[in-house]
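Here, residue 1 is the first one in the sequence, and each next residue gets the next number.
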Amino acid sequence: MKAPEIKKIVENRLQELGASKILLSPSDYCWEFQGEFYKVTALSDLWIIEWTNNPFYALNQCFEDADPMQYDLLEQQIIEYINKLLQH
C-alpha cells in the first residue's frame, strides 16, 4: 500500500471508533480519542502513529512515536493494529 491509502485506513478507523479531528494549524490536524491525541506520519519507507496525552504537546507538535510500521500490511492488519493501540 501507499502512504495515502494507509493514512485513510487509519483515519477512517479512528473516526469509526469515535475519535474527533482536531485542527492544529491551517495545514495540520490530529485525532483526539478518550483524552489522547493521535497523528499519522508517513515516511519514505515506514509509517508511524504518533500520540500524546497532553493537549499542549499536541498543539505544539510534540508527539511520541508508536511502533514504526511497514507499508506491506493488509487493511485488516492495519485495523487490528489500531484496535490494539487504542485497546479496543
Side-chain angles (χ1 to χ4, degrees):
M1 266 191 234
K2 300 203 185 276
E5 295 170 301
I6 289 184
K7 190 169 185 171
K8 184 172 178 78
I9 291 167
V10 171
E11 292 181 347
N12 283 343
R13 186 61 185 151
L14 287 168
Q15 189 172 22
E16 288 170 1
L17 293 170
S20 301
K21 193 172 187 177
I22 307 291
L23 189 63
L24 299 175
S25 70
S27 63
D28 199 16
Y29 58 90
C30 71
W31 294 85
E32 188 273 329
F33 181 75
Q34 297 182 349
E36 295 191 341
F37 301 87
Y38 298 90
K39 184 175 174 182
V40 182
T41 300
L43 305 172
S44 61
D45 56 347
L46 300 168
W47 61 276
I48 302 167
I49 295 185
E50 299 178 283
W51 71 275
T52 183
N53 60 2
N54 185 316
F56 180 77
Y57 288 177
L59 288 171
N60 288 291
Q61 304 291 329
C62 297
F63 290 87
E64 294 183 38
D65 295 346
D67 297 327
M69 304 297 286
Q70 299 289 329
Y71 284 106
D72 62 352
L73 297 175
L74 300 172
E75 181 174 353
Q76 187 58 39
Q77 291 173 303
I78 296 168
I79 290 170
E80 288 171 8
Y81 173 69
I82 299 303
N83 290 346
K84 184 179 174 184
L85 184 67
L86 276 58
Q87 299 179 356
H88 285 277

*Asks:* Linking I/L/V/M/F/W/Y whenever their side-chain heavy atoms sit closer than 4.5 Å, directly or via other members, would Tyr29 and Trp51 fall into one cluster?
*Replies:*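 Yes, because Tyr29 and Trp51 connect within a single hydrophobic cluster, where side-chain heavy atoms sit under 4.5 Å apart.
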*Asks:* Check the pair Tyr38 / Val10 against side chain to side chain contact (heavy atoms under 4.5 Å, CB included), numbers first and verdict last.
*Replies:* CA-CA 10 Å; Tyr38 298 90; Val10 171; over 6 Å; no
*Asks:* Using a 4.5 Å cut-off on heavy atoms from C-beta on, say whether the side chain of Gln61 contacts that of Leu24.
*Replies:*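 Yes, at least one pair of side-chain atoms sits under 4.5 Å.
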*Asks:* Quick one, Met69 with Ile49, criterion side chain to side chain contact (heavy atoms under 4.5 Å, CB included). Give me CA distance, side-chain angles, the key distance, then yes/no.
*Replies:* CA-CA 9 Å; Met69 304 297 286; Ile49 295 185; over 6 Å; no
*Asks:* To the closest 0.5 Å, what do you measure between CD (Glu80) and CD1 (Ile78)?
*Replies:*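 With rounding to 0.5 Å, CD (Glu80) is 10.5 Å from CD1 (Ile78).
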*Asks:* If I compare all heavy atoms of Ile48 with all of Pro68, which pair ends up nearest, and what's the gap?
*Replies:* CG1-CA, 3.9 Å
*Asks:* Quick one: pull up CD1 in Ile9 and CG in Leu14 and give me the separation to the nearest 0.5 Å.
*Replies:*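 So the CD1 of Ile9 and the CG of Leu14 are separated by 12.0 Å.
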*Asks:* Between atom OH of Tyr71 and atom OG of Ser44, what is the distance when rounded to the nearest 0.5 Å?
*Replies:* 7.5 Å
*Asks:* Return the minimal non-hydrogen interatomic distance between Phe56 and Asn60, and the atom names on each side.
*Replies:*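 So the two residues come closest at O-ND2, 2.9 Å.
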*Asks:* Drop me the distance from Gln77's CD to Glu75's CD, to the nearest 0.5 angstrom.
*Replies:* 11.0 Å
*Asks:* Can you hop from Leu46 to Ile6 via hydrophobic side chains spaced under 4.5 Å?
*Replies:* no
*Asks:* On a heavy-atom basis, which atom in Asp45 and which in Gln70 lie closest, and how many Å separate them?
*Replies:*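 Scanning both residues completely, I find the closest heavy atoms to be O-OE1, 3.7 Å.
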*Asks:* Give, for atom CG of Asn54 and atom CZ of Phe63, the distance between the pair rounded to the nearest 0.5 Å.
*Replies:* 10.0 Å
*Asks:* So, do Met1 and Asp72 sit near enough that their side-chain heavy atoms are less than 4.5 Å apart?
*Replies:*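 They are not in contact (no side-chain heavy atoms under 4.5 Å apart), so the answer is no.
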*Asks:* With a 4.5 Å limit on heavy-atom distance, are the side chains of Gln15 and Trp31 in contact?
*Replies:* yes
*Asks:* Looking at side-chain heavy atoms only, is the closest gap between Leu73 and Trp47 below 4.5 Å?
*Replies:*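 Contact flag for Leu73/Trp47 side chains = yes.
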*Asks:* Taking all non-hydrogen atoms of both residues, which atom of Leu86 and which atom of Phe33 are closest, and how far apart?
*Replies:*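 Shortest heavy-atom contact: CD2-CD2, 3.5 Å.
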*Asks:* In Å, rounded to the nearest 0.5 Å, how long is the span from CD1 of Ile82 to CD of Gln87?
*Replies:* 13.0 Å
*Asks:* For Ala66 and Leu85, which heavy atoms make the closest approach, and how far apart are they?
*Replies:* CB-CD1, 4.1 Å
*Asks:* Quick check: is Ile22 connected to Tyr57 through a chain of hydrophobic side chains (ILVMFWY, heavy atoms under 4.5 Å apart)?
*Replies:* no
*Asks:* Could you check whether Glu16 pairs with Arg13 (Lys NZ or Arg NE/NH1/NH2 to Asp/Glu carboxylate O, under 4.0 Å)?
*Replies:* yes
*Asks:* Are Ile79 and Asn12 side-chain neighbours, meaning at least one heavy-atom pair lies under 4.5 Å?
*Replies:* no
